[in-house]
**Student:** 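Please find one structure pasted underneath; my questions will follow.
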Protein chains: 2
Amino acid sequence: MQEHKVEPSGKDPKQDRTRDVDAPVSRNLKAAQMAGLASSPPDPKLVTFVELLFFAYRDFTREADAVLAEYGLGRAHHRVLHFVNRSPGLKVAELLDILKITKQSLARVLKELVDQGWIIQHEGTSDRRQRLLYATEKGQALSHRLDALQARRVDDALRAAGLDNGDTIARFLFSMTSQEEREKVWALLPAAAPIARGP
Amino acid sequence: MQEHKVEPSGKDPKQDRTRDVDAPVSRNLKAAQMAGLASSPPDPKLVTFVELLFFAYRDFTREADAVLAEYGLGRAHHRVLHFVNRSPGLKVAELLDILKITKQSLARVLKELVDQGWIIQHEGTSDRRQRLLYATEKGQALSHRLDALQARRVDDALRAAGLDNGDTIARFLFSMTSQEEREKVWALLPAAAPIARGP
DNA sequence: CCAAATAAGTCAACAAGGCTGACATAAATG
DNA sequence: CATTTATGTCAGCCTTGTTGACTTATTTGG
């Protein structure tokens, strides 16, 4: 039932455009774009990775969403809870920089998490303007449950990936983050981080 | 918690592929015990992969979003355009199954894409109820541009990942998708798919 | 042949989670 | 003490997801 065996020639009756679908990969894409010229299609093999990433993330998040829904929480709550639990004493400003959302977007979900007792805020000791964030026991338990769910999925996938010890995959994902962010991401990783920083 | 009977960290006769690191997780462990949880905290190494996936996807999508904004389009438009361009003649029902969104959500963005000339629909030849979807030349050009952007990022990351030819990473991502979806995802991949289906 | 199933479109209403910009505090800092 | 900083807040808007009911055209099966 899933038989889109799409002809590469793309011959549809009414549309008779000629497309060079099977053209070789050009490494001059950027130059061609800047010149406003039609570029050849990207390498299908690389596009496959793009699609795999989409499917992986789609299913990866759907699983946790179902659990969160039991508590009337959403994906945004999950992200906040996760990083707070992951880094107890996290500052609001740091969380904003991790999530790349605005103060308002964070405030909405954070308020709910605090009101419902998943997260508590403490005044900073050295700087009393700060509201350091901590997961309550209840929050830790939920975060733990969600982490376990996703960790299991990762574990299964690592196994299915083969004999690789995970370093290659970790380096791939790490390198998928923007250059400017890598320092911060690196700093956040636990000491046990399985990444040998790539060449 | 209901279906959560399995050990989250999967500590079975599994061969210890991961490096033996004495990660101090006492803080979380203590919390879990106080919360009455029987399971051990998730493996920090695996949680690192969860976080890496978040950061990778965060930045991966942000890049394309900026381009889309030039045209007043959003991420939802991108996904539709991508898969239509990728599989010319795609049926609406198939697209719904790929994206896992409702007919309404799709209808909204699809209508805009059609109205603005990125996508055209025509009647199916064998079944005239169907509205087969095709990217126009303009749509193909935009899809190529976005694909090129993301393909380049993937390419760079694959290089940074090391000597791996990509198969391991492709199998990892493929295995991150839900079991029930893999047949369909598999069918969608191009012939050039770099995946040797894992053991 | 006709009833039922199917593919797609549509309407109305709603929710989650992004965004902007302006403004309010309290505390630290030069 | 003036300014900067960390955080919170108000008001409102946009995108993209949701549900459920209903319509239309077409295919299919008894």
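By convention in this document, chain letters (A, B, ...) are assigned in the order of the sequence lines, proteins followed by strands, and residues within each chain are numbered from 1. Owing to the predicted nature of the structure, the values given are computational and were not obtained by experimental measurement.
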**Student:** Can you tell me if the side-chain N/O atoms of B/R131 get under 4.0 Å from OP1 or OP2 in C/dA8?
**Tutor:** no
**Student:** Quickly work out the B/E112 CD to D/dT15 P distance and round it to whole Å.
**Tutor:** 8 Å
**Student:** Taking only the side-chain heavy atoms of B/Q121 (C-beta and beyond), determine which of C/dA28, C/dG17, C/dG9 contains the nearest atom.
**Tutor:** C/dG9
**Student:** Distance check needed: D/dT26 C1' versus B/K91 NZ, whole Å only.
**Tutor:** 14 Å
**Student:** Respond yes when some side-chain nitrogen or oxygen of A/H77 is under 4.0 Å from OP1 or OP2 of C/dA16, and no when none is.
**Tutor:** no
**Student:** Whole angstrom is fine here: how far is it from NZ in A/K100 over to C1' in C/dC19?
**Tutor:** 16 Å
**Student:** Of the nucleotides C/dA8, D/dT19, C/dT20, which has the atom closest to the B/T102 side chain?
**Tutor:** D/dT19
**Student:** What is the distance, to the nearest angstrom, from the CG atom on B/L68 to the C1' atom on D/dT15?
**Tutor:** 13 Å
**Student:** Does B/L95 form a side-chain contact (heavy atoms from CB on, under 4.5 Å) with B/L133? I'd like the steps, not just the answer.
**Tutor:** CA-CA 9 Å; B/L95 191 47; B/L133 305 172; 3.7 Å; yes
**Student:** Would you mind reading off the distance between B/L106 atom CG and C/dT10 atom P, rounded to a whole angstrom?
**Tutor:** 12 Å
**Student:** Please write out each protein N/O paired with an N/O of nucleotides 10-13 of chain D under 3.5 Å, distance rounded to 0.1 Å.
**Tutor:**
{"from": "D/dC10", "atom 1": "N4", "to": "A/Q104", "atom 2": "OE1", "distance (Å)": "2.6"}

**Student:** Quickly work out the A/E123 CD to D/dG8 P distance and round it to whole Å.
**Tutor:** 12 Å
**Student:** Is the ring pair A/H78/A/H82 parallel, tilted or perpendicular, if the boundaries are 30 and 60 degrees?
**Tutor:** perpendicular
**Student:** Atom NE2 of A/H78 and atom C1' of C/dG17: how far apart are they, to the nearest Å?
**Tutor:** 16 Å
**Student:** Strictly below 4.0 Å: does B/R129 bring a side-chain N or O up to OP1 or OP2 of D/dT27?
**Tutor:** no
**Student:** Whether B/D156 and B/R152 form a salt bridge (side-chain N of Lys/Arg under 4.0 Å from carboxylate O of Asp/Glu) is what I want to check.
**Tutor:** no
**Student:** Starting at CG of B/L132 and ending at P of D/dT26, how long is that distance when rounded to a whole Å?
**Tutor:** 14 Å
**Student:** Of all the choices, D/dG8, C/dG9, D/dG17, which nucleotide is nearest to the side chain of B/I101 once you look at every atom?
**Tutor:** D/dG17
**Student:** Map B/S126 and B/S105 onto DNA chain D by nearest heavy atom, then report which one ends up closer to the 5' terminus.
**Tutor:** B/S105
**Student:** Does the distance from a Lys or Arg side-chain N to an Asp or Glu carboxylate O, for A/D43 and A/K45, drop under 4.0 Å?
**Tutor:** no
**Student:** Taking C-beta and beyond as the side chain, do A/F54 and B/Y57 meet within less than 4.5 Å on heavy atoms?
**Tutor:** yes
**Student:** Above 12 or not: heavy atoms from other molecules or residues under 6.0 Å from NZ of B/K138?
**Tutor:** yes
**Student:** For the pair B/R79 and A/E51, find out whether any cationic side-chain nitrogen is under 4.0 Å from an anionic carboxylate oxygen.
**Tutor:** no
**Student:** Among D/dT26, C/dA8, C/dG18, find the nucleotide with the atom closest to the side chain of B/K103.
**Tutor:** C/dA8
**Student:** Does B/R79 make a side-chain N or O approach to OP1 or OP2 of D/dT15 shorter than 4.0 Å?
**Tutor:** no
**Student:** Measure the acute angle between the ring planes of A/Y71 and A/W118, then classify it against the limits of 30° and 60° as parallel, tilted or perpendicular.
**Tutor:** perpendicular
**Student:** Taking the minimum atom-to-atom distance to the side chain of B/A76, which one of D/dT16, C/dA8, D/dG8 wins?
**Tutor:** D/dT16
**Student:** By nearest nucleotide on DNA chain C, pick out whichever of B/A107 and A/D127 is the more 5' one.
**Tutor:** B/A107
